[in-house]
Peer 1: 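The following block contains the structure, expressed as structure tokens.
Hydrogens, waters and symmetry mates are skipped; everything else that's a heavy atom, side chains included, is used.
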Amino acid sequence: MVRTVTGADGRQWTVRSRLEWRSPATSDDFEHDVSVGNAAAIVLLVLVVALGLILIVWTPDDVVVPLWVVLLILMAVLFFPTRWALRRPWTIVAETGEGGQADPVERWVGIVRGVFTVRQQMNRVEKSIQIDSVPGIEGPLQPVA
């Protein structure tokens, strides 16, 4: 999402957000920064799929599975991938200026988690720029040198 906002002082701000596929590294995550890779997740996924297929293949023909059981299992299987997709981190950037002597660049950057939260924060930043001419220090955005 990219929006252009005019501040109360007349400056043009560009507010944009970008989906991050990996969680950004912070100082809190330093000890857990080393990852063993995706091998364990792939092995577990293959195991779950194989066990599910075995269960389906070995089911006797006279067993009738109700539709609500199938839907319940489908919801349980789709819950975590859906949650993962909706809770990805987003980077919000608000910047203004051309970088010259008369108009220096001012840049604010912050990270928000979730699709719905990023829309709310973009609206708050937009309103804050229109009223106060800055994105607002109380939100997730912080000035960057």
Peer 1: Is there a side-chain contact between W108 and V15 (heavy atoms, below 4.5 Å)?
Peer 2: no
Peer 1: Would you say the side-chain atoms of D9 pair up with the backbone N or O of R11, donor to acceptor, closer than 3.5 Å?
Peer 2: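 Checked: pair present.
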Peer 1: Enter the distance from L78:CG to I73:CD1 here, rounded to the nearest 0.5 Å.
Peer 2: 12.0 Å
Peer 1: As an exercise, state the distance from OG of S128 to CD of E138, rounded to the nearest 0.5 Å.
Peer 2: 6.0 Å
Peer 1: Are the side chains of R18 and M1 in touch, meaning some heavy atoms are under 4.5 Å apart?
Peer 2: no
Peer 1: Is there side-chain contact between V144 and E95, with at least one heavy-atom pair below 4.5 Å?
Peer 2: no
Peer 1: Check whether any side-chain heavy atom of V105 sits under 4.5 Å from a side-chain heavy atom of T96, and report yes or no.
Peer 2: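 No, every pair of side-chain atoms sits at 4.5 Å or beyond.
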Peer 1: Using a strict threshold of under 4.0 Å (side-chain N to carboxylate O), is an ion pair present between E126 and R3?
Peer 2: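 Looking at R3 and E126, the cut-off is met.
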Peer 1: Distance check, rounded to the nearest 0.5 Å: R87 atom CZ versus T82 atom OG1?
Peer 2: 14.0 Å
Peer 1: Using a 4.5 Å cut-off on heavy atoms from C-beta on, say whether the side chain of I111 contacts that of E20.
Peer 2: no
Peer 1: Is any side-chain heavy atom of R107 less than 4.5 Å from a side-chain heavy atom of P143?
Peer 2: no
Peer 1: Looking only at non-hydrogen atoms, find the nearest pair between S133 and A8 and report the distance.
Peer 2: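 Looking at all heavy atoms of both residues, the closest pair is OG-N, 3.2 Å.
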Peer 1: Is there a path of hydrophobic side-chain contacts, each under 4.5 Å between heavy atoms of I/L/V/M/F/W/Y residues, joining V63 to W68?
Peer 2: yes
Peer 1: Do I92 and V118 make a side-chain contact, defined as non-hydrogen atoms from C-beta onward lying under 4.5 Å apart?
Peer 2: yes
Peer 1: In this structure, which one of V134, L141, V5 forms a side chain to side chain contact (heavy atoms under 4.5 Å, CB included) with V125?
Peer 2: L141
Peer 1: Could you tell me which non-hydrogen atom of P135 sits nearest to which non-hydrogen atom of A94, and how far apart they are?
Peer 2: CG-CB, 3.9 Å
Peer 1: Would you check, one step at a time, whether the test side chain to side chain contact (heavy atoms under 4.5 Å, CB included) holds for Q142 with I137?
Peer 2: CA-CA 6 Å; Q142 299 297 319; I137 198 74; 3.6 Å; yes
Peer 1: Nearest 0.5 Å, please: how far is CZ in R16 from CH2 in W90?
Peer 2: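 Interatomic distance, W90 CH2 to R16 CZ, rounded to 0.5 Å: 13.5 Å.
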Peer 1: Which residues pass the side-chain hydrogen bond (donor to acceptor under 3.5 Å, both in side chains) test with D61, not counting sequence neighbours?
Peer 2: none
Peer 1: Determine the minimum heavy-atom distance between R88 and W21, stating which atoms define it.
Peer 2: NH2-O, 3.1 Å
Peer 1: In this structure, would L86 and V112 fall into the same cluster of hydrophobic residues linked by side-chain contacts under 4.5 Å?
Peer 2: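 Same hydrophobic cluster.
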Peer 1: Please check if V77 and V70 belong to a single hydrophobic cluster, counting links between Ile, Leu, Val, Met, Phe, Trp and Tyr side chain heavy atoms closer than 4.5 Å.
Peer 2: yes
Peer 1: Working to the nearest 0.5 angstrom, can you tell me the gap between Q12 CD and T4 OG1?
Peer 2: 6.5 Å
Peer 1: Measure the spacing between CG of L44 and CG of L47 and express it to the nearest 0.5 Å.
Peer 2: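 It comes to 6.5 Å.
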